[in-house]
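As structure tokens, the structure follows; a few thoughts come after it.
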2 protein chains.
Amino acid sequence: MERQTITIYDVAREAGVSMATVSRVVNGNPNVKPATRKKVLEVIERLDYRPNAVARGLASKKTTTVGVIIPDVSNIFFSSLARGIDDVATMYKYNIILANSDGDDQKEIQVLNNLLAKQVDGVIFMGMHITDALRGEFSRSKTPVVLASSIDPDDQVGSVNIDYKSATKEAVQLLADHGHQNIAFVSGSLLDPINGKERLIGYKEALQENELKYTEGLVFETKYEYKSGEQLAERILNCGVTAAYVVDDELAVGLTNGLTDRGIKIPEDFELITSNNSLLAEIARPSLTSISQPLYDIGAVSMRLLTKLMNKEEIDEKTVVLPHTIIQRDSTKA
Amino acid sequence: MERQTITIYDVAREAGVSMATVSRVVNGNPNVKPATRKKVLEVIERLDYRPNAVARGLASKKTTTVGVIIPDVSNIFFSSLARGIDDVATMYKYNIILANSDGDDQKEIQVLNNLLAKQVDGVIFMGMHITDALRGEFSRSKTPVVLASSIDPDDQVGSVNIDYKSATKEAVQLLADHGHQNIAFVSGSLLDPINGKERLIGYKEALQENELKYTEGLVFETKYEYKSGEQLAERILNCGVTAAYVVDDELAVGLTNGLTDRGIKIPEDFELITSNNSLLAEIARPSLTSISQPLYDIGAVSMRLLTKLMNKEEIDEKTVVLPHTIIQRDSTKA
DNA sequence: TTGAAAGCGCTAACAA
DNA sequence: TTGTTAGCGCTTTCAA
């Protein structure tokens, strides 16, 4: 009783038409007489025929699948992007192959090649920085690539981001407006362009416009982890800091809890602004004032852009910048 | 200057061997003379040949891809599972196609069929409940299926879970030990077997063993959302409840914050235990005592089980039950 | 150890 | 409107 796979050929024979005709009705080609279409559809139904997407992919050179390279799905920041990507992908009848890279340069390349071997029609990449090697792989493949919430100095590929520099500047400005003299910049690796090029510059500009001195001692480089934030509390206090701009929510919550555990009152004694407005910012106590990056939208728009690239549609602008706002919560004074 | 795709045929010609031989060396078939292998490898390198996985899939009827149906990647509970799945998948050279279902019965079926059309070698399903329709689809396809953190009364397919009943019982026991008379059971839909069959029974058993009366009024059915938890605080207090077992972390944090906002001191006036030990339980203030489900491991073990199923290996037990513990934090008294 | 050749299930000219 | 016929790029007998 082995279940026999029904092929297009079986349907053609049963319906008394050619494979081509069956293929046409399956693909919604209008050049089929209604009566024929009806007959074929009936047979398809009766035989429970399901087209084999792999064969289709080989013949048409389209897999309706896109590769998504993500540092870590279990990180709420990236998974929010991923959700936006998948929803739009589904909307356009694509599936996504999701591959975790841990932000590791080697893995990223390996994963990319694996994805290309699977003939994905496009790739969405999330990562903190783009190595030359990776850039090389991108450009030698003809497969369209879009960076989601990742920036590349020379934008050969599409990308969707917010204006990190301005956003940071606004956040730091808000802190300066509240009279803080020592405002910390709490970041992940400064080698990542979003931190080192965009945000840090925004931070410096804001300081400058408020006639505050920039000191390297107030720039804290650490990991995007809850624990790291917690541990940072002590060091930050020792530096006489009274306000901080933090680039990551998990880190920010760690810092918040670390400060609170040391008896610091937020926002009375210390004000803090985080960057991603993920659920964590809302959940934390006190809840965290945050730059609102439209994470879901960044994912969604990235995928939308990718569909255009895959269709070779005319693109007005390969580099999309989405608007951001600042959501005031309880980690800053009203 | 169109980049010509290099096929196995090109390699064969350049190396002066047949396609079959190239195929053998690519697939590591030992029946190739070392000298020949070397020659072929050189040509592959020189031409930068990359095998087309789609063609391979069509010819071999294996895609080295598995489908993963997930209610929502952006939910930390599921994304933790997903991470475990992907890591093991990578280890065994599989890729995952991730598809969000929103836990919607219709979508689940649609997504499953889509995945099967793509000829995935196996499917991992996460979802709160399995409808008959879905069960039907599972059994009529020959593709192996594993449920990750989802239970099915008649276990036709593989599954990996913890013992929800016992875990719940232990949690409620701990609350009863602390002298609480009115312990709430805060759940998602009771129609979902994990809640309605497993956990609720564990709750009832614990009550019974402590000679506490079971009242429907102390069973709260709501959504797995932060907001829902927050809103529940008022209702719960009105019922004279002094302790709660909550099935979901997001919900639990919502409830915790809702209670705290109303001036309730946790754990002094109210004790609470949650179920998933995700990052949220750690981040919340007070931090939440939680059943520790090894989420990553459940995902990892599910995928491992699936590889066995796909290889038609002998399985000792299709239904895996992983151990759980209770992590004591600050939402319960020491 | 190697090669020839028949598919895998479908799409897409091209012809009719 | 429909059918014929090449492939798509690879794996896998079967023979040599």
Side-chain angles (χ1 to χ4, degrees), chain A residues 2-41 43-44 47-65 93 114 116-121 142, chain B residues 2-41 43-44 47-65 93 114 116-121 142:
Chain A
E2 258 304 309
R3 157 177 284 281
Q4 218 18 86
T5 351
I6 308 292
T7 73
I8 197 173
Y9 184 77
D10 299 315
V11 177
R13 185 169 28 71
E14 277 299 299
V17 299
S18 73
M19 296 165 52
T21 300
V22 178
S23 175
R24 287 188 188 101
V25 348
V26 167
N27 291 298
N29 184 316
N31 291 11
V32 182
K33 199 161 51 166
T36 315
R37 175 184 309 280
K38 183 151 174 292
K39 186 173 56 180
V40 172
L41 251 17
V43 176
I44 287 180
L47 265 40
D48 190 29
Y49 164 69
R50 290 120 177 272
N52 179 323
V54 173
R56 220 199 275 230
L58 183 58
S60 69
K61 296 179 164 300
K62 283 186 193 323
T63 55
T64 60
T65 302
K93 312 277 184 209
N114 188 234
L116 294 176
K118 295 228 163 154
Q119 312 300 118
V120 293
D121 298 335
K142 300 189 57 61
Chain B
E2 260 301 311
R3 160 175 283 282
Q4 218 20 85
T5 349
I6 309 290
T7 73
I8 197 172
Y9 184 78
D10 300 314
V11 177
R13 185 170 26 69
E14 277 299 299
V17 298
S18 72
M19 296 166 51
T21 299
V22 178
S23 174
R24 287 188 189 100
V25 348
V26 168
N27 291 297
N29 184 317
N31 291 10
V32 182
K33 202 161 46 167
T36 315
R37 176 185 308 280
K38 183 152 174 291
K39 187 173 55 180
V40 172
L41 252 16
V43 176
I44 287 179
L47 264 42
D48 190 30
Y49 164 69
R50 291 120 176 273
N52 178 323
V54 173
R56 218 199 274 231
L58 183 57
S60 69
K61 298 181 164 300
K62 283 188 193 325
T63 54
T64 61
T65 302
K93 313 276 183 208
N114 188 234
L116 294 176
K118 294 228 164 154
Q119 312 301 117
V120 294
D121 298 335
K142 300 189 56 61

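A, B, ... follow the sequence lines: proteins, then strands. Residue 1 opens every chain.
- In this structure, A:Tyr9 atom OH and C:dG7 atom P are separated by 12 Å, rounded to whole Å.
- Partners of A:Lys118 according to the side-chain contact (heavy atoms from CB on, under 4.5 Å) rule, which considers only residues two or more places apart in sequence or in another chain, are A:Ile97, B:Ala53, B:Thr64, B:Thr65, B:Asn95.
- Nearest heavy-atom pair, B:Val17 versus B:Val40, reported as atom, atom and distance to 0.1 Å: CG2-CG2, 4.0 Å.
- Atoms CD1 and CD1, from B:Ile44 and B:Ile6 in turn, are 11.5 Å apart once rounded to the nearest 0.5 Å.
- Between the CG atom of A:Leu47 and the P atom of C:dG9 there is a distance of 14 Å, rounded to whole Å.
- Summarising the geometry of B:Ala12 relative to B:Met19, their closest heavy-atom pair is CB-N, 3.7 Å, with the distance given to 0.1 Å.
- Between B:Thr21 and B:Val32 the shortest heavy-atom distance is CG2-CG1, 4.4 Å.
- Atom-to-atom, CD of A:Gln119 to C1' of D:dC8 comes out at 10 Å; the value is rounded to the nearest Å.
- End-to-end axis angle of the helix from C:dT1-D:dA16 to C:dA16-D:dT1, from C1' rotation axes over five pairs per end: 30° (rounded to 10 degrees).
- For A:Ser23, no side-chain nitrogen or oxygen approaches OP1 or OP2 of C:dA12 to under 4.0 Å.
- Contact between the side-chain N/O atoms of B:Thr21 and the OP1/OP2 oxygens of C:dG3 is found at a separation under 4.0 Å.
- Residue pairs meeting the salt bridge (Lys or Arg N to Asp or Glu O under 4.0 Å) criterion with at least one partner in residues 6-28 of chain A, sequence neighbours excluded, are A:Asp10-A:Arg13, A:Glu14-A:Arg46.
- Between A:Thr7 and A:Asn52, the closest side-chain pair of non-hydrogen atoms is not below 4.5 Å.
- The CG atom of A:Asn31 sits 9.0 Å away from the CZ atom of A:Arg37 when rounded to the nearest 0.5 Å.
- Pairing each heavy atom of B:Val54 with each of A:Gly57, the nearest pair is CG1-C, 4.0 Å.
- Of the residues in residues 10-19 of chain A, A:Met19 come within less than 4.0 Å of DNA chain C through at least one heavy atom, sorted by number.
- Applying the side-chain hydrogen bond (donor to acceptor under 3.5 Å, both in side chains) criterion to B:Ser23, with sequence neighbours excluded, gives B:Asn27.
- Counting to the nearest Å, the P atom of D:dC10 and the NZ atom of A:Lys118 are 15 Å from each other.
- Ranking C:dC10, D:dC8, C:dT1 by closeness to the A:Lys61 side chain, first place goes to D:dC8.
- Straight-line distance from the NZ atom of B:Lys62 to the P atom of C:dG9: 14 Å, rounded to whole Å.
- The stretch residues 50-59 of chain B comes close to DNA chain D through B:Pro51, B:Asn52, B:Ala55, B:Arg56, B:Ala59, each having a heavy atom under 4.0 Å from the strand.
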Scan nucleotides 14-16 of chain C against the protein and return all N/O pairs shorter than 3.5 Å with their distances rounded to 0.1 Å.
none

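- With sequence neighbours left out, B:Arg50 forms a salt bridge (Lys or Arg N to Asp or Glu O under 4.0 Å) with A:Glu137, B:Asp48.
- In this structure, the separation between OG1 on B:Thr5 and CD on A:Gln119 is 8.5 Å, given to the nearest 0.5 Å.
- Residue A:Thr7 places its side chain closer to C:dC10 than to any other of D:dG3, D:dT11, C:dC10.
- Applying the salt bridge (Lys or Arg N to Asp or Glu O under 4.0 Å) criterion to B:Lys38, with sequence neighbours excluded, gives B:Glu42.
- Contacts between residues 25-33 of chain A and DNA chain D, defined by a heavy-atom separation under 4.0 Å, are made by A:Asn31, A:Val32, A:Lys33.
- With rounding to whole Å, B:Ile6 atom CD1 is found 10 Å from D:dC10 atom P.
- When all heavy atoms of A:Val26 and A:Tyr49 are compared, the closest pair comes out as CG2-CE2, 4.0 Å.
- Here B:Tyr49 reaches the OP1 or OP2 of D:dC10: one of its side-chain N or O atoms lies under 4.0 Å away.
- In this view, B:Ser60 satisfies the side-chain hydrogen bond (donor to acceptor under 3.5 Å, both in side chains) rule with no residue, not counting sequence neighbours.
- Residues satisfying the side-chain contact (heavy atoms from CB on, under 4.5 Å) test with B:Ala59, not counting sequence neighbours, are none.
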